[in-house]
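Okay, so here's the structure we're looking at.
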There are 2 protein chains.
Amino acid sequence: MEQHLSEMTELIDQTIEGTAGGMRAGNRSLSVMDQIREAILGGAVGAGARLNEVQLSKTLSVSRTPVRAALQALAGEGLLDYAPNRGFTVREFPLPAIVDAYDIRAALEGVAVRFAAERGLATKERDIIERALAAGDKLLERGSFEAGDLTLYRDINGDFHDALLAAAGNRMLSEMIRICHHVPVSSTRNIVVFEYHDVRRRHDDHHRIFQAVVGREPWRAEMLMREHVASIKTSLVGHLSERKTYPAAEFQTAGESP
Amino acid sequence: MEQHLSEMTELIDQTIEGTAGGMRAGNRSLSVMDQIREAILGGAVGAGARLNEVQLSKTLSVSRTPVRAALQALAGEGLLDYAPNRGFTVREFPLPAIVDAYDIRAALEGVAVRFAAERGLATKERDIIERALAAGDKLLERGSFEAGDLTLYRDINGDFHDALLAAAGNRMLSEMIRICHHVPVSSTRNIVVFEYHDVRRRHDDHHRIFQAVVGREPWRAEMLMREHVASIKTSLVGHLSERKTYPAAEFQTAGESP
DNA sequence: GCTCCATGAAGTGTACACAGTTTGTGCAAT
DNA sequence: ATTGCACAAACTGTGTACACTTCATGGAGC
């Protein structure tokens, strides 16, 4: 316990140096929030760890007030648990919950793409998607991956999904999907597990989904998106079952590779 | 603007008297949070209204600290918007967003009931559901509604859905569905718009959903639940289009009838 | 009369002090 | 040795003062 806290202290100190230039405007609470969130998502603090307000305030060189504000906000995002008079702890995400998150995300992104197909794409989002598809085509035409390609595709993938989400035009939906993405390990930054042929297939999915959206086929679009996300879940589960144990810690840091 | 705040002040004062006995333990922040939430859901504060911290603290007889904590928590629930250095405003839910919320809820509850069917019902939840179904049967066998029956069925309906949600055994899902329920107007307390035959049909849906769950038919259960919730949306939309305008204010308070 | 800037009022952001609760520790009794 | 209790340390909850930002008001300059 005490160990967790000191670990975090060190790692947050690193983060401070790293993101010193990117501090958010005006508000220390928001800056503190970002730093703590990164520490959690980056796996710097273990699940279930208790976050000590005074220690955090010392480490981050602010008073307890913005720290508390940040913790409350992060609890609202679902990253922390709160117990009265006992403070905040890092929320635990057991493996089944992480797998479930993909099903939830599949359902939500399915609805999102259905909305997009019903409402049509604005030229802005359409451009982004077409560019993402073209960039993916180009990246994949070589037939194999080189170093850094996966990171590149991760961005392309993000653009595609974000643009569709924007086209859905619903804030609640966006926020819920964002929460799904921010589940430790299910985060987009941790999709490093996939091989070339996985990405190839997922990229084909993207093409078909786009086709369904521009063709104004809402339910087909929804079904395709659900299957698309569900297949990611399947890949993850398959990847996990290849291992003998379920090394949670290893997976938490896996995505942080350069 | 100023008018909104004074309105709220009065209405919160009422609420204080009304819920004085039900105050939450230990924590003033939580108590304050409940009171502000009720004021918003009850329609006491208009959408878009800015919430003044000092005024709230005076009205609720606490300092700004618990007020700020409550506001931040409510923002996390999606009921408030936050802008740095400008404080909190009551989040706006335009009619399309409210209608969308039913689609989102349909998708989420669909996943929930699928999980429940996959994982099976514990005897506890099974009992609750069977009792809810039986109570509904009894209430409906008369063939028409008397005064108060709708309120009664609202509780039965809530028990049914809550038990299934519990059976799904996923916290993230529960919280997201809870958020959908807490959208002003889409709240369960506002289902006063339905006639006897609507409730009759929805109750039949419940029977079939239960059947699918105990029969371990996950996808059938999901489909039934999606259709079930979607039909509520359809009823709402139909009810709305019967009117010439879309009187948001009227609907916000409609559910509070005795 | 209109625009622009200064000024102050109002409101939010932060720090800090103190109160209340939880939790760990050590002593005493069995 | 174990259990129970009391005390103290640590931590969270709340109040309050002050700093900073925003916004409205009004007057000077054009």
Side-chain angles (χ1 to χ4, degrees), chain A residues 1-9 12 16 20 23-37 45 48-76 79-91, chain B residues 1-9 12 16 20 23-36 45-46 48-76 79-91:
Chain A
M1 281 211 192
E2 191 60 26
Q3 197 181 356
H4 280 303
L5 290 172
S6 46
E7 278 176 23
M8 178 177 66
T9 300
I12 283 185
I16 288 177
M23 210 175 89
R24 279 215 227 179
N27 230 337
R28 298 187 197 186
S29 302
L30 297 175
S31 169
V32 168
M33 187 173 147
D34 290 342
Q35 295 178 55
I36 299 178
R37 193 204 341 263
V45 291
R50 183 166 170 175
L51 297 182
N52 187 317
E53 296 177 8
V54 294
Q55 183 159 354
L56 279 173
S57 66
K58 281 178 192 167
T59 304
L60 301 171
S61 302
V62 292
S63 80
R64 276 178 57 211
T65 310
V67 170
R68 280 180 71 85
L71 293 176
Q72 279 154 352
L74 289 171
L79 255 67
L80 299 179
D81 279 329
Y82 170 73
N85 291 317
R86 273 192 235 177
F88 297 86
T89 52
V90 178
R91 182 145 159 193
Chain B
M1 268 199 205
E2 191 59 24
Q3 196 181 357
H4 280 303
L5 290 171
S6 46
E7 277 177 23
M8 180 177 63
T9 300
I12 284 184
I16 288 177
M23 212 176 88
R24 280 215 225 179
N27 229 336
R28 298 187 196 186
S29 302
L30 296 175
S31 168
V32 168
M33 187 172 147
D34 290 342
Q35 295 179 54
I36 298 178
V45 290
R50 184 167 170 175
L51 298 181
N52 187 315
E53 297 176 7
V54 294
Q55 184 159 355
L56 279 173
S57 66
K58 281 177 191 167
T59 305
L60 301 171
S61 303
V62 294
S63 79
R64 275 177 59 210
T65 310
V67 171
R68 281 180 69 85
L71 293 176
Q72 279 154 352
L74 289 171
L79 255 66
L80 299 179
D81 279 329
Y82 170 72
N85 291 316
R86 273 194 237 175
F88 297 86
T89 53
V90 178
R91 181 145 160 193

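Below, chains carry the letters A, B, ... as their sequence lines are ordered, and counting in each starts from 1.
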Determine the minimum heavy-atom distance between Thr89(A) and Arg50(A), stating which atoms define it.
CG2-CA, 3.8 Å

Closest non-hydrogen contact found for Ala73(B) with Met33(B) is CB-SD, 3.5 Å

Spacing between [X] atom [atom1] and [N] atom [atom2], to the nearest angstrom:
X        : N       : atom1 : atom2 : result
Leu51(A) : dA10(D) : CG    : C1'   : 16 Å
Gln55(A) : dT12(D) : CD    : C1'   : 15 Å
Asn27(B) : dC11(D) : CG    : P     : 19 Å
Arg68(B) : dG13(D) : CZ    : C1'   : 15 Å
Met33(A) : dG13(C) : CE    : P     : 13 Å
Leu30(B) : dT12(D) : CG    : C1'   : 13 Å
Asn52(B) : dA9(C)  : CG    : P     : 17 Å

Only pairs under 3.5 Å count here: list side-chain donor-acceptor contacts from residues 65-72 of chain B, not counting sequence neighbours, and write none if there are none.
residue	atom	partner	partner atom	Å
Arg68(B)	NH1	Glu53(B)	OE1	3.2
Arg68(B)	NH1	Glu53(B)	OE2	2.9

Scan Asp81(B), Leu51(B), Ile36(B) and name whichever one has a side-chain contact (heavy atoms from CB on, under 4.5 Å) with Val90(B).
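Of the listed residues Asp81(B), Leu51(B), Ile36(B), the side-chain contact (heavy atoms from CB on, under 4.5 Å) partner of Val90(B) is Leu51(B).
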
Look for any protein N or O under 3.5 Å of an N or O in nucleotides 21-25 of chain C and output each such pair with its distance, or none.
residue	atom	partner	partner atom	Å
dT23(C)	OP1	Arg86(A)	NE	3.4

Under 4.0 Å between a side-chain N/O of Ser29(B) and OP1 or OP2 of dG13(D), yes or no?
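No, no such contact exists.
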
Working to the nearest 0.5 angstrom, can you tell me the gap between Leu60(A) CG and Ser31(A) OG?
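So the CG of Leu60(A) and the OG of Ser31(A) are separated by 8.0 Å.
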
Once you apply a heavy-atom cut-off of 4.0 Å, does Tyr82(A) come out as touching a base, just sugar-phosphate, or nothing?
sugar-phosphate

Output yes when a side-chain donor or acceptor of Asn27(B) lies under 3.5 Å from a complementary backbone atom of Leu30(B), and no otherwise.
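No; judged by distance alone, with no hydrogens or angles, the pair does not exist.
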
Report, one pair per line, the protein and nucleotides 15-17 of chain D atoms (nitrogen or oxygen only) whose separation is under 3.5 Å.
residue	atom	partner	partner atom	Å
dG15(D)	OP1	Arg28(B)	NH1	2.5
dG15(D)	OP2	Ser63(B)	N	2.7
dG15(D)	OP2	Ser63(B)	OG	2.6
dG15(D)	N7	Thr65(B)	OG1	2.7

Report the C-alpha separation of Gln55(B) and Thr59(B) in whole Å, then their side-chain angles, then the decisive distance to 0.1 Å, and conclude whether the side chain to side chain donor-acceptor pair (under 3.5 Å) test is met.
CA-CA 6 Å; Gln55(B) 184 159 355; Thr59(B) 305; 5.4 Å; no

